[in-house]
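What follows is a single structure, written as structure tokens, with notes after it.
Here is how names work: the chains are called A, B, and so on, in the same order as the sequence lines, proteins then strands, and each is numbered from 1. Note that these values count all heavy atoms, side chains included, but never hydrogens, waters or copies made by symmetry.
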Amino acid sequence: MELFFKLAGMALFVLMLPIFYRLIAGPNAMDRILAVNVIGTKTTVLLVIIGMIFARVGMFVDFALAYALLNFIGSLAAARYYHQDRLRQERGAS
Amino acid sequence: MIILQITGAILVILGLVFFLGAAVGVVRFPDFYSRMHAAGKGDTLSTILMLLGIVCFLIADVPWAAVIHGDFSLLVEPILTSIKVLMIALLIMVTSPTSTHALMQAGYDSGIKPHLSEADDDSTPSDEETPTP
Amino acid sequence: MIAVFDICILIFLVAIAIIALSVKDLLASAMILGIYSFLMCLLWAEMGAVDVAFTEAAVGAGVSTVIMIATVYQTSRKSSD
Amino acid sequence: MAPMKIVALITVIITGGLLLYATGDFPAWGDPLSPANNSALSRHYIEQSRVETAVPNLVTAVLADYRGYDTMFETVVVFVAGLAILAVLGQGTSRERAAIQRSAERYQERDMINIMTARLIVPVLQLFSLYVLAHGHYSPGGGFQGGVMFGASFILIALAGGLPEALSRLSIPGALLLAGLGVLLYGGTGLVCMMLGQNFLDYHILHRLLPATDAVMARYHAMLIVEIGVAFTVTAIMFIIYAALSSRGRMTGGL
């Protein structure tokens with residue numbers, strides 16, 4: 001079972017590589033923020049998987065939960081930034 | 001209990017398959033909105049499936065032989081942990097679509113045009129900000 | 001075998017640091033520093049420093065990204081170098 | 001590429017290579033022969049902290065009891081950082097604030113979905129942060145982490161519903177009062193220890209004040225009081241930093 005979770009964690013790391021490609025090559029900032037969002041969600045799973053590998057899930061699940069709660073704030077802030085930026089430009093134009 | 005472990009393994013592998021779909025979609029799709037579509041759906045579903053698989057493993061790990069003999073105190077910690085993992089799945093089910101929605105709105109606000117034409121489909125998958133209509 | 005995790009996370013850390021330095025857009029750079037913090041949290045957790053990992057998760061996931069975005073909003077967006 | 005960038009790249013690559021090289025030498029988790037266990041002091045912490053303080057989480061015991069000065073002045077540093085941000089950004093003239101408020105009101109459009117999700121998440125976040133604060137003796141966590149998460153819940157309210165919405169729940173004077181109260185709670189615990197005839201932050205004498213506790217449990221409970229003080233300060237200062245930075249000190253408009 002430990003080996004299974006190690007392989008699953010490695011598979012998650014390998015599957016993150018395409019997302020990293022989008023992070024490096026993304027044509028504009030929004031694509032990079034998308035990649036950040038995907039990697040942030042996957043980090044929660046990776047934390048729980050590391051807990052399974054060490055057989056101490058009760059300890060690791062606490063900050064996986066904190067992560068799942070807080071990860072949402074970053075993308076919300078980016079969305080607010082673009083919204084306010086557009087409003088500011090419209091205000092400047094009119 | 002071996003059945004629960006096999007179920008858990010299948011769920012984790014299924015989650016990895018969905019995440020592979022999301023990763024391919026993020027690389028291959030032509031414009032920001034379709035990439036966001038792949039990332040949002042595949043990511044949320046794969047996360048939830050993998051967490052459910054981990055819950056199956058946690059329940060299979062409980063020493064059921066001792067519990068059946070009346071030692072219920074062994075049940076407390078695994079069930080608490082399982083509830084927390086299920087809580088993570090629930091919260092991701094709520095927050096991840098919301099952040100996808102917020103980022104979609106942000107893409108609209110920042111003036112990204114969707115990729116509409118069929119003509120330049122195979123020329124450049126990673127388009128610039130304003131494709132020709 | 002757990003050392004493979006270490007090496008994966010450390011290579012990703014170096015890659016993320018280089019990307020965050022080379023991106024001109026400061027908003028994207030702030031978000032990429034968020035990934036740096038995610039990977040740092042994974043590294044602490046995987047090395048056994050669980051309290052430090054919790055601090056990194058609490059500060060890096062929510063607060064520091066938001067504060068950097070707020071600062072970018074009040075200053076200019078493009079890097080000047 | 002500019003020469004400074006090449007220097008930075010080389011530094012990053014060398015540091016990363018050294019870190020990768022060093023990963024082979026890590027001791028396993030819980031290895032009794034790891035170099036961190038060699039000195040007499042760390043062996044004392046590992047063997048005696050459970051006996052002396054009754055706290056299972058070694059990190060909390062070291063952080064809040066054995067190294068109480070360290071944590072106290074960290075709290076003071078956080079407090080002073082918040083005060084410095086408020087002092088540097090200033091408040092702007094009242095006319096400027098009124099202008100920002102008028103334009104912000106005219107262009108106010110908030111997203112309904114974000115507000116609803118924030119309403120759903122904020123109680124869970126606050127409850128979980130209180131759990132992290134109270135359960136810090138048994139699992140990772142404690143005052144700092146719980147405080148940061150509680151402050152993040154106010155930031156979430158400000159992002160979803162606007163800065164005035166969050167300021168109506170925790171105003172800036174109220175936040176400053178809360179931050180000062182946290183430092184006072186920490187320092188006051190130390191002073192009470194001094195008044196009872198012991199050293200500063202030497203908690204075990206507090207069993208005379210706290211009901212029905214012996215010297216060991218007095219240290220256990222005093223650590224909880226101290227962590228609550230840290231959480232107060234960190235909560236208030238995180239929110240103050242966000243509110244001041246996102247609105248340039250004007251406390252209206254903003255993100």
Atom [atom1] of [X] and atom [atom2] of [Y]: how far apart are they, to the nearest 0.5 Å?
X: A/Leu23; Y: C/Ile16; atom1: CG; atom2: CD1; result: 5.0 Å
X: C/Ile9; Y: A/Leu46; atom1: CD1; atom2: CG; result: 7.5 Å
X: C/Phe12; Y: A/Leu17; atom1: CZ; atom2: CG; result: 4.5 Å
X: C/Glu46; Y: A/Ile49; atom1: CD; atom2: CD1; result: 13.0 Å

Look at [options] and state which one has the largest set of heavy-atom pairs under 4.5 Å with chain A.
options: C/Ile32, C/Ile35, C/Val63; result: C/Ile35
options: C/Ala53, C/Ala15, C/Cys41; result: C/Cys41
options: C/Thr65, C/Val66, C/Leu42, C/Ile19; result: C/Leu42
options: C/Ala45, C/Ala57, C/Ala30; result: C/Ala45

Looking at every heavy atom in both [X] and [Y], which two are closest together, and how far apart are they?
X: A/Arg32; Y: C/Ala28; result: CD-CB, 4.1 Å
X: C/Ile69; Y: A/Gly74; result: CD1-O, 4.0 Å
X: A/Met10; Y: C/Cys8; result: CE-SG, 3.6 Å
X: C/Asp25; Y: A/Ala29; result: OD2-CB, 3.2 Å

| query | Under the side chain to side chain donor-acceptor pair (under 3.5 Å) rule, what pairs show up with a residue in residues 42-55 of chain A, not counting sequence neighbours? | reply | A/Lys42-B/Asp43, A/Lys42-B/Ser46, A/Lys42-B/Thr47
| query | If you tally heavy-atom pairs under 4.5 Å against chain C, which of A/Ser75, A/Ala66, A/Gly40 wins? | reply | A/Gly40
| task | May I ask you to name which of A/Asp85, A/Ile73, A/Ile53, A/Val36 has the most heavy-atom pairs under 4.5 Å with chain C? | result | A/Val36
Which answer fits [X], side chain, backbone, both or neither, if we ask what part of it has an atom under 4.5 Å from a heavy atom of chain C?
X: A/Leu69; value: neither
X: A/Phe13; value: both
X: A/Phe54; value: side chain

| request: Indicate the ring-plane relationship of C/Phe54 and A/Phe63, choosing parallel, tilted or perpendicular according to the 30° and 60° boundaries. | output: tilted
| If we only count heavy atoms from C-beta on, is the A/Arg80 to C/Tyr73 side-chain gap below 4.5 Å? | no
| query | Are any non-hydrogen side-chain atoms of A/Asn71 and C/Phe38 less than 4.5 angstrom apart? | reply | yes
| Set of salt bridge (Lys or Arg N to Asp or Glu O under 4.0 Å) partners for A/Arg86, sequence neighbours left out | A/Glu90, B/Asp109
